[in-house]
There are 2 protein chains.
Amino acid sequence: MLHDPPQLDLMFQALADPARRQMVERLSRGPASVSQLAEPLAMSLSAVVQHLAVLETSGLVSTEKLGRVRTCRIEPNALRAAEHWINERRLAWERRLDRLGDFLTDINDQT
Amino acid sequence: MLHDPPQLDLMFQALADPARRQMVERLSRGPASVSQLAEPLAMSLSAVVQHLAVLETSGLVSTEKLGRVRTCRIEPNALRAAEHWINERRLAWERRLDRLGDFLTDINDQT
DNA sequence: AAAATAGTTAAGTGATCACTTCAGTATTCC
DNA sequence: GGAATACTGAAGTGATCACTTAACTATTTT
């Protein structure tokens with residue numbers, strides 16, 4: 001449990017960029033082509049393709065090319081992995097606070 | 001809803017580094033000093049302090065100095081914000097799949 | 001077949017990253 | 001007071017990032 005998969009590095013790194021988050025947000029509403037992903041973003045198509053590559057190697061997004069159109073979709077399991085890591089840490093902390101609270105009420109009851 | 005706070009950039013970026021995740025993991029088990037955070041990491045104290053600064057400006061960790069010791073603790077609300085963003089996107093996608101499933105069974109029933 | 005569409009690939013650039021070393025500054029211990 | 005402890009801050013370095021432009025390929029459309 002000391003080292004978690006490098007996949008987590010890639011996922012959090014992928015989500016760190018606002019353009020990439022916007023792409024994920026768009027894809028959470030349904031599949032889209034590369035140009036559709038690019039449309040709201042103020043950058044070249046080339047840049048978008050590069051962001052897409054980051055999302056794809058992180059596992060957050062998968063794509064499939066049909067004819068000249070590449071269709072992108074979200075990979076919910078990957079999203080779940082990132083969510084899970086955060087959740088575990090938050091819960092560990094909160095459980096700790098609970099135990100601490102119990103302890104404090106216990107020694108308070110002893111007066 | 002088009003642009004989310006730059007805080008999210010900072011949080012995901014902070015979590016993208018394995019050393020920083022290890023620090024968060026350590027802190028999820030309880031507060032720690034800078035040297036305690038540094039102990040399992042194969043890098044200089046200076047590097048750890050720099051990582052700590054990243055975690056602190058991201059809002060994920062808060063610190064307090066008493067005497068010559070700086071004590072660090074996790075900030076669960078910040079963790080919750082990152083968790084929430086991911087959760088929303090995953091749910092949006094899954095709800096979409098559900099609706100799609102309903103639609104497909106509907107047109108299937110019409111045969 | 002020519003033109004438009006959709007994406008791909010490579011090279012370059014300036015900015016940011018993840019460190020390092022080294023030289024400090026407070027505290028606390030002896 | 002002097003030594004050890006616990007950081008702190010600045011400067012430097014090589015690697016990676018987020019783009020850009022430009023040239024190219026493959027697929028439709030007309």
Side-chain angles (χ1 to χ4, degrees), chain A residues 2-4 6-27 30-74, chain B residues 2-27 30-73:
Chain A
L2 269 162
H3 285 299
D4 30 50
Q7 198 73 358
L8 269 185
D9 285 41
L10 297 178
M11 280 192 275
F12 284 127
Q13 211 162 116
L15 293 174
D17 187 279
R20 281 188 302 255
R21 275 206 309 285
Q22 211 176 321
M23 291 167 75
V24 169
E25 182 151 0
R26 168 64 188 80
L27 290 177
S33 70
V34 177
S35 334
Q36 282 173 333
L37 285 180
E39 195 251 350
L41 299 171
M43 65 181 70
S44 70
L45 223 206
S46 220
V48 172
V49 170
Q50 287 168 62
H51 279 305
L52 184 58
V54 172
L55 287 169
E56 210 171 346
T57 59
S58 81
L60 287 168
V61 165
S62 68
T63 74
E64 187 190 6
K65 195 162 184 176
L66 256 161
R68 61 184 168 177
V69 177
R70 178 173 298 277
T71 303
C72 314
R73 66 190 71 247
I74 240 180
Chain B
L2 269 163
H3 286 299
D4 30 49
Q7 197 73 357
L8 270 184
D9 285 41
L10 298 177
M11 280 192 277
F12 285 126
Q13 211 161 116
L15 293 175
D17 187 278
R20 283 190 299 258
R21 275 206 310 282
Q22 211 176 321
M23 292 166 75
V24 169
E25 181 150 0
R26 168 64 189 79
L27 291 176
S33 71
V34 178
S35 333
Q36 283 174 331
L37 285 180
E39 195 253 349
L41 299 171
M43 65 181 71
S44 70
L45 224 206
S46 220
V48 172
V49 171
Q50 285 168 62
H51 279 306
L52 185 58
V54 173
L55 286 169
E56 210 171 347
T57 58
S58 80
L60 287 168
V61 165
S62 69
T63 75
E64 186 191 6
K65 194 161 187 177
L66 257 161
R68 61 183 167 175
V69 177
R70 177 173 299 277
T71 302
C72 313
R73 66 190 71 247

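Every heavy atom of this structure was used, including side-chain atoms; hydrogens, water molecules and symmetry mates were not. Here is how names work: the chains are called A, B, and so on, in the same order as the sequence lines, proteins then strands, and each is numbered from 1.
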Point to revise | Shortest non-hydrogen separation from A/P31 to A/R73 and the atoms involved | key: CG-NH1, 3.5 Å
Point to revise | Audit row: B/V54, B/Q13, side chain to side chain contact (heavy atoms under 4.5 Å, CB included) steps and yes/no | key: CA-CA 9 Å; B/V54 173; B/Q13 211 161 116; over 6 Å; no
Review point. Taking all atoms of both residues into account, what is the closest heavy-atom pair of B/L27 and B/C72, and its distance?
Key: CD2-O, 3.3 Å
Exercise for review: In whole angstrom, give the distance that lies between atom CD of A/Q13 and atom C1' of C/dA18.
Suggested key: 12 Å
Check your understanding: If the sugar-phosphate is the primed atoms plus P, OP1 and OP2 and the base is the rest, what is the B/S/- string for nucleotides 23-30 of chain D, using protein heavy atoms under 4.0 Å?
Key -> ----BS--
**Study point:** Residues that A/T63 engages under side-chain hydrogen bond (donor to acceptor under 3.5 Å, both in side chains), provided they are two or more places apart
**Key:** A/E56, A/R70
Anything under 3.5 Å between a protein N or O and an N or O of nucleotides 19-22 of chain D, put it in a table, one pair a line.
| residue | atom | partner | partner atom | Å |
| --- | --- | --- | --- | --- |
| D/dC19 | OP2 | A/H51 | NE2 | 2.9 |
| D/dC19 | N4 | A/Q50 | OE1 | 2.7 |
| D/dT20 | OP2 | A/S44 | N | 3.0 |
| D/dT20 | OP2 | A/S44 | OG | 2.9 |
| D/dT20 | O4 | A/Q50 | NE2 | 2.9 |
| D/dT21 | O4 | A/S46 | OG | 3.1 |

Review point. Can you name the side-chain contact (heavy atoms from CB on, under 4.5 Å) partners of B/A47, sequence neighbours left out?
Key: B/M43, B/S44
Point to revise | Separation of atom CG in B/L37 from atom P in D/dT8, rounded to whole Å | key: 12 Å
Exercise for review: Can you tell me the distance, in whole Å, between the CZ atom of B/R70 and the C1' atom of C/dT28?
Suggested key: 17 Å
**Study point:** Set of residues satisfying side-chain contact (heavy atoms from CB on, under 4.5 Å) with respect to A/S58, sequence neighbours excluded
**Key:** A/L10, A/M11, A/A14, A/L60
Point to revise | Flag, side chain of B/R21 to backbone of B/L15, donor-acceptor distance under 3.5 Å | key: yes
Review point. Looking at residues at least two apart in the chain, or sitting in another chain, which of them share a side-chain contact (heavy atoms from CB on, under 4.5 Å) with A/T57?
Key: none
Practice item. Tell me, please, which residues at least two apart from A/Q36 pass side-chain contact (heavy atoms from CB on, under 4.5 Å). Key: A/R26, A/A32, A/S33
Practice item. Identify, with sequence neighbours excluded, every residue that meets side-chain hydrogen bond (donor to acceptor under 3.5 Å, both in side chains) alongside B/Q50. Key: none
Point to revise | Sugar-phosphate, base or nothing in reach of B/Q36, heavy atoms under 4.0 Å | key: nothing
Practice item. Would you mind reading off the distance between B/E39 atom CD and D/dT5 atom P, rounded to a whole angstrom? Key: 15 Å
Check your understanding: Once you round to the nearest 0.5 Å, how far does CG of B/L37 lie from CD of B/E25?
Key -> 12.0 Å
Point to revise | Of residues 53-65 of chain B, the positions that come close to DNA chain D - non-hydrogen atoms, cut-off under 4.0 Å | key: B/K65
